[in-house]
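Structure, as structure tokens:
Source: prediction; values computed, not measured. All values below were derived from every heavy atom in this structure, side-chain atoms included, with hydrogens, water molecules and symmetry-related copies excluded.
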Amino acid sequence: MSDIIHLLPDSVANQIAAGEVIQRPASVIKELVENAVDADAKEIHVLVTDAGKTSIQVIDDGKGMSETDARLAFERHATSKIREASDLFALHTMGFRGEALASIAAVAEVELKTRLAGEELGTRLLLSGSRVESQEVVSCPQGSNFTVKNLFFNVPARRRFLKTNSTELSNVLTEFERIALVHPDIAFYLYSNDSELFNLPVMPLRQRIMAIFGKKLNQQLLSIEVDTTLVKISGFIAKPETARKKGTHQYFFVNGRYMRHPYFHKAVMGAYEHLIPTGEQISYFIYFEVDPANIDVNIHPTKTEIKFENEQAIWQILSAAVKETLGKFNAVPSIDFDAADMPDIPVFNQERPAAPPQLHYSSDFNPFKSSSGVGRNYSRSQTNWEGLYAGLEKSSRMNEALDSEIPDSLGKQDEEMGEVASHGEASLLNNDAAAAPSVQYLQFKGRFILTSVKSGLMIIDQHRAHVRVLFDRYIEQIRRGQGTSQGVLFPEIIQFPPSEMAMLESIQGDLSAIGFELTSLGGGSYAINGVPAGIEGLDPVELVQNMVHTAMEKGNDVKEDVQTRLALTLARAAAIVYGQVLTTDEMSNLIGQLFVSPSPNYTPDGHLILSTIKEEEITKLFAK
């Protein structure tokens, strides 16, 4: 039997490695810029064309390479950073595997110009698909100048998986920001299609953070600092009042390397428990310094997953440090009021009650005197409180009356509406019938709308129903480009970092279709001159930020999907909230619009809007 196992050619092995290390243009920039940092560069320039698909250039003023080193650098597992296995646990460099340059050269056309300090001439090397095409002596500045063109030219399938230029540029900026945040002692410059996006001279860390994400952060950050024999932790955490659901900046770095660490993230967020609303996040920039022997960075090709030997102990130190910082800056409330015994005032559906009587006190009011003079002031206030309490008692009686009338009103509606839904599945309802004056709707707990149908009792989630109605309206406006814009008296100013600007520009046409009018002021600043009609009371800055962040998180470049997300984000923000009391007319209009929708049963993201309890099921509850 013949042998079947054989060694792969270097070109094939390099392409396999490239599949793990080089996934998109951002991966190339990460590897080349990290190499420049390891070469002790003081100034690094990054230039991209078409988000890196056409060309990527990284220029540094580091040590440079000799002629032999330049040629050897593109061989697999050729590195100057480790010599034996034990060096993996004493790393002080970003790279160490010796796979990056070989992987890049395997899937692109690469030109390298490099010169050592003290040498008069340097080396120029040309490679294509792992093959060296030429090598010659040239005159060039000290350091290295890498130019990578036509990424994935020999792997068409991989090139087709690349996203649009806006998405790829956003990924490039994200990788660039991670490196710039951890090396404030190095000057970084980034250009896209000859436009300068970043100009970051050497500066302190706090200024570097503001230079990347905006000066507004300066008022939001609290310093964190703790030094133990196990770990040194430094950096910044945001104040609780800056919490939001999307768009926060969350970064962990260990020994100058960016990392993802869900376990440590829980330690930070746990310290904010009861300080921020559930589901919201805060920004943080936290830097760990540990003995390299106590961590393992060689567990993932991208080196963003790092294993700690003393993970639980560091978790406790981190949690305590964050809590101490919050306490030091009076971010933790001194009194925690217990609202467990507060009365639960039921929401009922009738005409809104008149405002309670106003209480008037004189400046010499004293509740402990009841005989004469100021005592009369106390008597009047006591009378007013009695009137207010009577009003609450009247409201309670009205609720009881409504409860007793439910069977009659629902019975009348059975005859008029007919069968609308069964087991949560609704048929299309005529709008006129839904809005008929004789149809009765009841609101329960400020969340659900109850109404009778032929088969039983229908329960409708008011917020989800309104999301469905608004989504249908907004998506239609986007696709037709006929959104109604309402001018604002005082334009709102919104600031975006470069990584978010790229995504904003890609969706700006869809934002205009909804009704947003944005004007660029330069430097990442935009003026909101118009907003969609019907979103009065909402923060337009927060709305635009949320839509940009949603588009960035999903990372899908199908235009229809982006439009759907924009419409859904705006619908969620503009929909009536839970706890909002609705009049009979408001409920009637909402239900009428819901059943005009082609999909009244579910929200656009698949959540149930309505359900029906069968009459037989209700009867069984009272059978005994």
Side-chain angles (χ1 to χ4, degrees), residues 170 173-190 196-225 233-253 256 258-260 264-265 268-269 271-272 275-277 280-288 318 321-322 324-332 492-504 520-528 539-550 552-553:
S170 180
L173 295 172
T174 297
E175 291 291 353
F176 184 86
E177 289 168 356
R178 290 172 180 173
I179 301 174
L181 282 172
V182 82
H183 295 288
D185 55 331
I186 300 176
F188 291 92
Y189 306 90
L190 176 65
E196 184 179 81
L197 298 185
F198 277 118
N199 186 327
L200 305 173
V202 175
M203 59 183 71
L205 178 59
R206 192 182 188 105
Q207 279 67 36
R208 175 61 60 88
I209 293 173
M210 289 187 291
I212 294 175
F213 298 113
K215 295 181 179 179
K216 186 178 179 181
L217 267 178
N218 190 39
Q219 305 300 321
Q220 302 176 2
L221 298 180
L222 306 174
S223 298
I224 180 174
E225 188 82 33
I233 301 176
S234 60
F236 304 94
I237 57 175
K239 297 177 180 178
E241 58 264 29
T242 65
R244 54 185 179 180
K245 291 186 177 180
K246 294 181 180 180
T248 54
H249 309 295
Q250 299 178 334
Y251 293 90
F252 284 128
F253 301 95
Y258 170 79
M259 70 169 179
R260 295 187 180 93
F264 289 166
H265 172 75
V268 176
M269 298 310 301
Y272 283 84
L275 297 179
I276 63 176
E280 294 195 355
Q281 300 286 319
I282 54 93
S283 297
Y284 56 76
F285 305 85
I286 299 179
Y287 299 76
F288 299 83
L318 174 61
V322 174
E324 180 184 4
T325 297
L326 291 174
K328 187 185 302 182
F329 290 91
N330 297 321
V332 179
E492 296 273 5
I493 305 301
I494 185 170
Q495 179 78 31
F496 287 100
S499 56
E500 297 176 6
M501 281 174 55
M503 184 58 67
L504 173 65
S520 177
L521 303 177
S525 295
Y526 291 82
I528 303 177
D539 184 356
V541 171
E542 185 177 352
L543 280 176
V544 174
Q545 286 177 334
N546 284 344
M547 285 186 277
V548 171
H549 296 149
T550 299
M552 291 181 65
E553 288 173 7

Kindly indicate, with the supporting measurements, whether the criterion ring-ring contact (aromatic ring centres under 6.0 Å, His included) is fulfilled by Phe198 and Phe188.
CA-CA 7 Å; Phe198 277 118; Phe188 291 92; 9.6 Å; no
Side chain to side chain, [X] and [Y], heavy atoms closer than 4.5 Å:
X: Ile282; Y: Val268; result: yes
X: Gln545; Y: Val541; result: yes
X: Asn199; Y: Leu190; result: no
X: Tyr272; Y: Ile237; result: yes
X: Thr242; Y: Ser283; result: no
X: Tyr526; Y: Ile493; result: no
X: Arg206; Y: Ser223; result: yes
X: Ile209; Y: Tyr251; result: no

Run Phe236 and Leu205 through side chain to side chain contact (heavy atoms under 4.5 Å, CB included) and show every step you take.
CA-CA 10 Å; Phe236 304 94; Leu205 178 59; 4.0 Å; yes
Hey, is the main chain of [Y] close enough, under 3.5 Å, to the side chain of [X] for a donor-acceptor pair?
X: Lys239; Y: Gln219; value: yes
X: Arg208; Y: His183; value: yes
X: Arg178; Y: Leu181; value: no
X: Thr325; Y: Ala321; value: yes

Going from [atom1] on [X] to [atom2] on [Y], what distance comes out if it is rounded to the nearest 0.5 angstrom?
X: Met501; Y: Leu197; atom1: CE; atom2: CG; value: 7.0 Å
X: Leu200; Y: Glu177; atom1: CG; atom2: CD; value: 9.0 Å
X: Ile186; Y: Met203; atom1: CD1; atom2: CE; value: 13.0 Å
X: Ile212; Y: Leu217; atom1: CD1; atom2: CG; value: 10.5 Å
X: Glu324; Y: Leu222; atom1: CD; atom2: CG; value: 12.5 Å
X: Ile494; Y: Ile528; atom1: CD1; atom2: CD1; value: 5.0 Å

Donor-acceptor pair between His549 and Glu500 side chains, under 3.5 angstrom
yes
Indicate the atoms forming the closest heavy-atom contact of Ala187 with Val202, along with that distance.
N-CG2, 3.9 Å
Do you know the tightest heavy-atom contact between Pro184 and Pro204?
CB-C, 4.2 Å
In terms of heavy-atom contacts, does CD of Gln495 have more than 12 from other residues, nucleotides or ligands at under 6.0 Å?
yes
Side chain to side chain donor-acceptor pair (under 3.5 Å) between His265 and Tyr284, intermediate numbers included:
CA-CA 10 Å; His265 172 75; Tyr284 56 76; 2.8 Å; yes
Check: Tyr258 ring centroid to Phe252 ring centroid under 6.0 Å:
no
When the ring centroid of Phe253 is compared with that of Phe288, is the distance short of 6.0 Å?
no
Pick out which of Lys245, Gln250, Lys246 makes a side chain to side chain donor-acceptor pair (under 3.5 Å) with Gln281.
Gln250
Mind telling me whether Phe213 and Phe285 have parallel, tilted or perpendicular rings, with 30° and 60° as the class edges?
tilted
